[in-house]
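Below: one structure, written as structure tokens.
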Amino acid sequence: MNPTEIYDALAEIAAKPFDPNEFPFAFAEATDAAKAAISKLRNGSTNKSDLPGGVLFNKKFHYAPALKGLTDVTLDQLRASKKTKASKPAILIASDGETIAAEHPASGDTLHCTFSELGDHFGFFLPAAGKERYRAVEENPVDVKATGKLARLYDALTKANPDWGSDERRHEMNQLMMRLIFCMFAEDVGIFPDNQFSRLLFTHAGDKGEEARETIIAAFNAMNLPKDKRGSLPAWTAELEYVNGGLFAGTIDAPRFDTISFRYLRDACDLDWREINPDIFGSMIQSVADPKQRSELGMHYTSVPNIMKVIGPLFLDDLDAEIHKAWDRAKALQQVLDRMSRIRVFDPACGSGNFLVVSYRELRARETRILQRLEELNGPGSMQMFSAIPISNFYGIEIADFAAETAKLALFIAEYQANASFAEVFGRRPAALPLKDAAHIRTGNSLRENWDEVCPPPAEGEEVFIAGNPPFLGSTYQSKEQKADLAFVFAEHIKSFAAFDFVAAWFFKASRYIRGYSARAALVSTNSICQGYSVAALWPHVLGSNLEIGFAHKDFKWRNNASANAAVICSIIGIRNQSKEPKRLFADNLESSADNINGYLVNAPTVAVEGTRNGLFGLPSMEYGNKPVEGGYLLFTAEEKDALLEQEPRTRDFFRPFMGSKEVVNGYRRYCLWITPQTLDEAKSIPAIASRIERVAEFRAGSTDAYVREKLLPLSYRFKQVFEAKSHSILVPSVTSERRPYLPVERVGADVIASNLNQVLYDAPEWCIALIASRLHLVWIATVCGKLKSDFRYSNTLGWNTFPVPKFSEDQLAELSASARRILKCRYSHFPKTIAELYDPDKMPDDLRAVHRENDDLLETMYIGRPFRNDTERLEKLFKLYAAKVKSQDKKGARA
DNA sequence: CATCCGACATGCT
DNA sequence: AGCATGTCGGATG
């Protein structure tokens with residue numbers, strides 16, 4: 001049975017009246033138990049249940065009928081049952097026919113729903129069918145459990161109070177959740193004595209939560225007032241602690257609790273909150289408020305190792321060095337402490353506050369170390385034992401209200417936990433309550449906010465460190481609002497910004513913020529802003545004449561513990577005011593010091609190759625391939641082509657081989673219908689083709705691109721962009737694997753139609769192949785072109801037109817042509833091996849390696865009279881030639 | 001009209 | 001089910 005069938009079966013049970021005796025067997029059947037197993041269960045021979053009317057199916061489920069309104073009690077009995085412990089059922093189920101209470105004993109995850117919703121919660125019951133519900137996030141189990149419980153509570157509350165799910169009340173709803181979490185955490189760690197919150201809540205809220213709303217409101221109001229000012233509140237609130245700290249400031253309201261939401265509240269209170277990680281937990285519960293995000297639970301939260309990659313080189317490493325240097329001198333250590341108390345950390349895209357929490361924790365840990373050392377140096381009792389690092393030194397901006405509330409809470413919890421470790425070391429702890437101050441978390445659109453207002457720039461003696469992981473989004477994927485945000489940031493400073501990735505705006509704002517101040521910034525980014533077109537377009541504006549890249553982590557694959565990871569390669573870029581301090585470059589798990597880190601995140605002088613439509617070095621011009629934009633209706637696999645040919649032999653003359661990257665590299669075959677104005681009438685007379693042309697028109701009519709929708713509609717018999725060779729084409733696949741030692745390039749006849757996944761030299765001389773297939777060319781392309789992830793992405797404007805070559809003589813060109821032919825011939829001798837197979841770095845044939853080597857030696861000798869020693873030397877020479885050419889062009893331009 | 005890109009998309013093994 | 005590796009066409013200059 002697949003999950004859909006299980007859903008149907010459970011829904012069917014739910015639709016019928018509840019029969020407490022029949023239910024377990026129907027449930028067993030619905031969850032895919034064998035007929036024989038069910039009859040054994042029915043006749044009692046395998047039923048091990050020790051509860052009245054109960055049915056225990058070994059390893060699958062333990063069910064017991066409940067008296068009206070007492071499903072919770074029955075669930076407790078199921079949980080406590082000795083037989084449950086012995087036979088480890090995946091699910092416990094109690095029902096009275098009105099509601100269901102269920103639990104996964106392994107994870108402690110619970111479900112409360114009405115009986116009629118049984119089918120809707122089929123996912124919860126899948127373990128009874130031996131199916132995993134979903135791949136659990138590999139995180140602290142407490143965090144996972146807590147997230148699940150909170151999500152259910154949130155859902156149940158918004159279901160019972162639809163208005164609390166609306167935009168107007170979202171903030172109040174989120175505040176409520178955070179306050180509840182704080183209370184549950186506080187009583188578990190002992191900030192609240194005697195479980196006072198849940199004890200009073202469940203004493204005064206009624207059995208089914210009838211009074212839960214009023215009780216919660218009264219309790220929260222009390223926590224916001226010193227104990228002597230609670231005259232207007234119910235007497236029982238006198239006992240509650242005064243919390244303050246802003247957490248209970250502002251409006252206090254609560255939704256009505258129905259039986260189900262009240263049960264989830266009880267479940268949440270039962271959880272042990274002591275072990276939650278405020279850093280990761282925060283990002284996980286972000287998904288609570290946004291059901292859409294649930295499936296990608298925590299997909300974009302930054303893991304602690306990645307946060308450390310940012311804040312380490314940003315300021316912690318420097319601090320550690322200073323502490324190390326001062327280690328034996330009390331006065332110097334005291335100065336470090338003073339410095340630390342004046343460090344402020346600002347995350348302009350703080351989400352649930354991971355960066356702030358981890359930064360706070362790291363600073364507090366260092367502070368504790370220093371205080372310990374000072375006590376050693378000055379003698380016991382000599383130190384005033386309090387922390388000089390307040391959470392009010394931490395600033396954030398976050399657009400999502402729930403996340404912003406979470407961030408505040410996470411810092412409270414982090415503070416508490418830091419104080420607890422402080423107490424472990426010194427036996428004294430700062431008073432936990434009332435909370436003194438809060439982090440400065442602004443709920444808003446970071447790109448619209450004035451950062452100076454959120455986090456005032458550092459005064460003399462202060463420092464501000466900006467750290468974070470802003471969202472990445474290419475221009476194709478940006479919403480209207482996001483495009484407007486980009487314009488808001490860039491319009492008055494830069495002409496062309498619309499093609500920037502969304503993350504570029506954060507770098508730009510950070511650069512304006514830190515300029516001239518004792519402030520630095522480091523942000524996680526997609527690596528694409530340090531590749532190709534972006535380098536010349538963005539970095540000069542970010543850095544200007546006063547800033548520099550102080551450190552960078554180049555190209556690492558995004559990873560966190562979420563089950564589905566975002567597919568992106570990241571870089572971390574730290575910017576600062578120009579400084580004599582060393583620069584650090586992290587690449588391929590190695591750290592090196594750099595004289596200069598340029599926009600490509602390479603230790604080299606600052607250069608940025610700008611794309612150009614004109615060849616700088618007189619190479620033949622390279623064009624685009626044919627861009628279909630036709631919904632696939634003019635394209636065919638070999639089988640599809642043969643099928644159509646059989647059905648309609650007249651289509652034969654319209655088929656042409658169609659080659660993109662895959663066809664060149666992996667030897668696949670595809671075909672397209674190639675129709676010209678001259679052959680259009682004949683083509684249309686063939687119904688199979690005519691109908692395809694119509695489908696193309698339909699497809700194009702639905703495009704968001706006005707040009708495709710309007711201008712291209714009458715041209716539906718052909719591709720969007722059309723090119724044809726006269727004698728032959730040289731194809732250069734535009735996206736190919738970074739693993740190959742040489743770029744793929746192929747020569748094909750004029751019958752072949754090249755797709756836009758190739759760049760094409762139409763009817764060009766063969767020596768071009770010798771250039772493209774050279775190591776020199778690969779090194780150049782790898783450096784100056786864009787990438788897809790870290791794979792090569794060939795570009796005519798950025799790569800081919802800018803590729804520096806010496807002035808070749810006719811003889812040299814003839815030699816290169818001969819070399820190109822040798823490479824092609826060698827490949828053919830390995831027929832039918834594909835380029836992918838031949839250029840697999842582990843399996844490349846020796847003779848092919850040899851002809852490439854010869855080709856490299858031949859070409860490189862034309863540059864410098866001998867082969868280059870390594871890629872570094874190759875790049876240096878190429879950049880030197882490039883720079884010289886650009887300079888001479890500029891002069892020409894100036895003269896003209 | 002030409003080009004650059006993808007907190008990707010998807011087929012492999 | 002993770003890893004390798006390039007489609008497709010929107011959006012921009």
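Side-chain atoms are counted along with the backbone in the values below, which use heavy atoms only and exclude waters and symmetry mates. Quick note on labels: first sequence line is chain A, next is B, and so on, each numbered from 1.
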I would like to know whether A:Q482 and A:S479 meet side-chain hydrogen bond (donor to acceptor under 3.5 Å, both in side chains); could you show each step before the answer? CA-CA 5 Å; A:Q482 289 166 325; A:S479 67; 3.2 Å; yes
Atom CZ of A:F502 and atom C1' of B:dC5 are separated, to the nearest Å, by 17 Å
Distance test, side-chain N/O of A:N666 to OP1/OP2 of C:dG6, below 4.0 Å: yes
A:K641 to A:Y671 six-membered ring, cation-pi geometry met (6.0 Å, 45°): yes
Rounded distance (Å) that lies between atom P of C:dA4 and atom CZ of A:F792: 15 Å
For A:R740 and C:dG6, is the shortest distance between a side-chain N/O and OP1 or OP2 below 4.0 Å? yes
So A:S755, base contact, sugar-phosphate only, or nothing? Heavy-atom distance under 4.0 Å. nothing
Just so I know, are the side chains of A:K509 and A:P348 near enough to count as touching, which here means a heavy-atom distance under 4.5 Å? no
Any donor-acceptor pair under 3.5 Å linking the side-chain atoms of A:D485 with those of A:N445? yes
Quick check on C:dT7: is either OP1 or OP2 less than 4.0 Å from any side-chain nitrogen or oxygen of A:S661? yes
Identify whether NZ of Lys or CZ of Arg in A:K885 sits under 6.0 Å from the centre of the six-membered ring of A:F617 and within 45° of that ring's axis. yes
Could you work out the separation of B:dG6 and B:dT10 based on their C1' atoms and round it to a whole Å? 14 Å
Mate of C:dG6 where both pairing distances stay under 3.5 Å, Watson-Crick or G-U: B:dC8
Report yes if some heavy atom in the side chain of A:V752 is under 4.5 Å from a heavy atom in the side chain of A:M659; otherwise report no. yes
Answer with base, sugar-phosphate or nothing: what part of the nucleic acid does A:F699 contact at a heavy-atom distance below 4.0 Å? sugar-phosphate
Under-4.0 Å side-chain N/O to phosphate OP1/OP2 contact, A:T736 with C:dT5: no
A:W558 CH2 - B:dA9 C1' separation (whole Å): 20 Å
By the 4.0 Å heavy-atom rule, please label A:P471 as base, sugar-phosphate, or nothing. base
Rounded C1' spacing from B:dA9 to B:dC5 in Å: 14 Å
Between A:K787 and A:M622, name the one whose nearest nucleotide on DNA chain B is closer to the 5' end. A:M622
Distance-only donor-acceptor test, A:N469 side-chain atoms vs B:dA7 base atoms, 3.5 Å: yes
Cut-off 3.5 Å, side chains only: do A:E738 and A:S790 have a donor facing an acceptor? yes
What's the CZ-P distance between A:R793 and B:dA9, to the nearest Å? 14 Å
Rounded to whole Å, CG of A:L473 lies from P of B:dA7 at a distance of 6 Å
Among the candidates C:dG6, C:dG10, B:dT3, find the nucleotide nearest to the side-chain atoms of A:Y624. B:dT3
When every non-hydrogen atom of A:N666 is compared with those of A:A836, the smallest separation belongs to OD1-CB, 3.1 Å
Under-4.0 Å side-chain N/O to phosphate OP1/OP2 contact, A:R670 with C:dC8: yes
Under 4.0 angstrom, heavy atoms only, what part of the nucleic acid is A:P744 near: base, sugar-phosphate, or nothing? nothing
Between A:D840 and A:K833, does the salt bridge (charged side-chain N to carboxylate O under 4.0 Å, His left out) criterion hold? Intermediate values first, please. CA-CA 11 Å; A:D840 181 327; A:K833 282 227 163 75; over 6 Å; no
Tell me the interatomic distance from A:N756, atom CG, to C:dT7, atom P, rounded to whole angstroms. 9 Å
At under 4.0 Å, does any side-chain N or O of A:N796 touch on OP1 or OP2 of B:dA2? no
Which atom pairs link the protein and nucleotides 11-13 of chain B when you take only N or O atoms and keep those under 3.5 Å?
none

How is A:G631 classified with respect to the nucleic acid when contacts are heavy atoms under 4.0 Å: base, sugar-phosphate, or nothing? sugar-phosphate
Whole angstroms only, please: what is the CG-C1' distance between A:L788 and C:dA4? 12 Å
When rounded to whole Å, the CG to P distance for the pair A:L757 and B:dC4 reads 14 Å
Within the structure provided, determine whether A:R656 and A:I753 are in side-chain contact (heavy-atom separation under 4.5 Å). yes
Heavy atoms only, 4.0 Å cut-off, all strands: where does A:V629 land among base, sugar-phosphate and nothing? sugar-phosphate
Table of protein N/O atoms under 3.5 Å from nucleotides 11-13 of chain C N/O atoms:
from, atom 1, to, atom 2, distance (Å)
C:dA11, OP2, A:T704, OG1, 2.6
C:dT12, OP1, A:K483, NZ, 3.3
C:dG13, OP1, A:A498, N, 3.3

Under a 4.0 Å threshold between the charged nitrogen and the carboxylate oxygen, would A:K720 count as salt-bridged to A:E630? no
